[in-house]
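Working notes for the structure below.
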Amino acid sequence: MLNKQPIGIFDSGYGGLTVFRSIADQLPGYDYIYLGDNARAPYGNRSFHTIHQYTWECVQMLFKMGCPLVILACNTASAKALRTIQQQDLKNEDAAKRVLGVIRPTAEVIGDYTRTKQIGVLGTKGTVQSESYLIEINHFFSEVKVHQQACPLWVPLIENGEYDQPGADYFVKKYLDQVLAQSGQIDTLLLACTHYPLLQEKIRAYLPAHIKVVPQGDIVAESLRNYLQRHPEMEQNLSRNGTQEFFTTSDDTSDFDYHASLFFSEQVISEYIPLK
Ligand code: DGL
């Protein structure tokens, strides 16, 4: 049996697969375990308490599967659960375990994309209400003005396979109009939800050409590469057999596999992992 110390990647459902795609491309060779909490997705409109409880349960499942490092490839979980996990929950775990999110690495670089210094941040209700992007972006780029827009119907449209259907256009345009109405100076739109890259084609179609649309996958992957270079004690612990395993808390794995393959741009075969 292989002695595995994989990198764990967590999302409420499928969205984290867009981040995993970039990580697998940029950092091949490591062992990876992806866990989607599809039985309880979406998280976006849930309370702080519930998102923390669900996220921590899933992180512990990944720890039990041998992951010393877990990436919360979900903005909602990063916004609502990461701080409590890092500051409280991890104290009762093996001291070498680490959990990282996607908001800080994105906030660290997004200011470099804008010339007008005005950015639109599109996310779930939970991410927007947490104001995590406002705070983090202004920490790194105090001159940048951040305009947030919640897009609560985008995740349900995507999870239900409607993202490339004509019916999705109405809600794509609606939230884009709302964010652009906040300022005529916005030249960069951050897709601050890991599901949204699936809507990227439709989003692009409703925007003027000078506005950049920035998904997070490559930013997070680059930041992970950097983290592993700076933390050889973690990097040397990770196993490198090049395996990728997929788990979902939904008992309908064939449905997961169908959707997951679209998000991951490669065939996915998953296993069911029941919630306790
Ligand atoms: N993909 C998640 C994110 O990045 C949101 C999905 C959900 O609402 O569960 O925020």
Side-chain angles (χ1 to χ4, degrees), residues 1-2 4-21 23-24 31-67 69-78 80-82 85 89 93 99 101-102 124-127 152-165 168 193-199 217 241 243-276:
M1 213 179 110
L2 298 172
K4 278 215 212 139
Q5 301 253 62
I7 298 176
I9 301 188
F10 166 73
D11 181 60
S12 58
Y14 306 111
L17 289 161
T18 63
V19 173
F20 185 19
R21 175 73 275 148
I23 291 177
D31 294 314
Y32 292 101
I33 296 182
Y34 183 87
L35 172 59
D37 190 8
N38 297 74
R40 302 184 293 194
Y43 280 13
N45 297 330
R46 293 188 188 275
S47 71
F48 178 94
H49 173 79
T50 303
I51 294 169
H52 167 247
Q53 185 200 323
Y54 289 179
T55 304
W56 179 232
E57 280 169 18
C58 289
V59 168
Q60 285 175 301
M61 285 158 87
L62 286 164
F63 284 166
K64 280 207 190 93
M65 289 190 262
C67 303
L69 173 65
V70 173
I71 314 295
L72 303 185
C74 173
N75 289 274
T76 311
S78 299
K80 299 259 182 171
L82 182 62
I85 289 174
D89 303 325
E93 292 289 329
V99 179
V102 291
T124 65
K125 208 167 112 197
T127 299
L153 283 164
W154 283 6
V155 168
L157 279 172
I158 294 165
E159 294 250 321
N160 289 291
E162 294 288 332
Y163 58 88
D164 56 355
Q165 298 300 307
C193 171
T194 54
H195 279 67
Y196 295 174
L198 269 83
L199 281 175
N241 306 293
T243 63
Q244 297 176 351
E245 292 172 276
F246 298 85
F247 291 87
T248 173
T249 59
S250 159
D251 56 5
D252 190 349
T253 53
S254 56
D255 188 58
F256 177 87
D257 294 352
Y258 172 74
H259 287 103
S261 304
L262 300 172
F263 281 74
F264 197 56
S265 315
E266 199 178 301
Q267 196 190 3
V268 167
I269 295 174
S270 65
E271 275 178 58
Y272 168 48
I273 183 160
L275 292 159
K276 295 283 170 308

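Quick caveat: nothing in here was measured; it's all calculated off a predicted structure. Reckoned from all heavy atoms, side chains included, excluding hydrogens, waters and symmetry mates.
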Considering only heavy atoms from C-beta outward, does the side chain of [X] approach that of [Y] to under 4.5 Å?
| X | Y | result |
| --- | --- | --- |
| Ile9 | Ile23 | yes |
| Asp89 | Gln60 | no |
| Pro152 | Asn45 | yes |
| Ile7 | Tyr32 | yes |
| Arg21 | Phe263 | no |
| Met65 | Phe247 | yes |
| Thr249 | Met61 | yes |
| Thr76 | Ser12 | no |

What distance separates [X] [atom1] from [Y] [atom2], expressed to the nearest 0.5 Å?
| X | Y | atom1 | atom2 | result |
| --- | --- | --- | --- | --- |
| Thr124 | Leu153 | OG1 | CG | 12.5 Å |
| Phe10 | Tyr54 | CZ | OH | 11.0 Å |
| Asn38 | Asp255 | CG | CG | 8.5 Å |
| Lys80 | Cys74 | NZ | SG | 11.5 Å |
| Glu159 | His195 | CD | NE2 | 3.5 Å |
| Leu198 | Leu262 | CG | CG | 7.0 Å |

Distance-only, no hydrogens or angles: does the [X] side chain make a donor-acceptor pair with backbone N or O of [Y] under 3.5 Å?
| X | Y | result |
| --- | --- | --- |
| Ser250 | Ala39 | no |
| Ser78 | Val102 | yes |
| Thr253 | Ser270 | no |

Using every non-hydrogen atom in the two residues, find where [X] and [Y] come nearest and quote the distance to one decimal.
| X | Y | value |
| --- | --- | --- |
| Asn75 | Thr194 | ND2-N, 3.6 Å |
| Ala73 | Asp11 | O-OD1, 3.3 Å |
| Cys193 | Val155 | SG-CG2, 3.7 Å |
| Arg40 | Cys58 | NH2-SG, 4.0 Å |
| Ile33 | Pro6 | CD1-CG, 3.7 Å |
| Pro197 | Thr18 | CG-OG1, 4.0 Å |

> How would you list, by chain and number, every residue that makes a side chain to side chain contact (heavy atoms under 4.5 Å, CB included) with Leu82, sequence neighbours excluded?
Replying inline: Leu72, Gln86, Val99
> Parallel, tilted or perpendicular: which describes the rings of Phe256 and Tyr34, with under 30° parallel and over 60° perpendicular?
Replying inline: tilted
>> In terms of relative ring orientation, are His259 and Tyr14 parallel, tilted or perpendicular, with 30° and 60° separating the classes?
In response: tilted
> Going through the checks in order, is the side-chain contact (heavy atoms from CB on, under 4.5 Å) test met by Lys4 and Asn241?
Replying inline: CA-CA 8 Å; Lys4 278 215 212 139; Asn241 306 293; 4.1 Å; yes
> What residues form a salt bridge (charged side-chain N to carboxylate O under 4.0 Å, His left out) with Arg46, not counting sequence neighbours?
Replying inline: none
> If you measure only the distance, is there a donor-acceptor pair under 3.5 Å linking the side chains of Ser254 and Asp252?
Replying inline: yes
> Could you walk me through whether Asp37 and Thr55 pass the side-chain contact (heavy atoms from CB on, under 4.5 Å) check?
Replying inline: CA-CA 9 Å; Asp37 190 8; Thr55 304; over 6 Å; no
>> Quick one, His52 with Ile85, criterion side-chain contact (heavy atoms from CB on, under 4.5 Å). Give me CA distance, side-chain angles, the key distance, then yes/no.
In response: CA-CA 8 Å; His52 167 247; Ile85 289 174; 4.1 Å; yes
> Could you walk me through whether Tyr43 and Thr50 pass the side-chain contact (heavy atoms from CB on, under 4.5 Å) check?
Replying inline: CA-CA 9 Å; Tyr43 280 13; Thr50 303; over 6 Å; no
>> Please determine whether the number of non-hydrogen atoms from other residues, nucleotides or ligands lying under 6.0 Å from atom OH of Tyr272 exceeds 12.
In response: yes
>> Can you confirm whether or not the ring centre of Phe264 sits under 6.0 Å from the ring centre of Phe246?
In response: yes
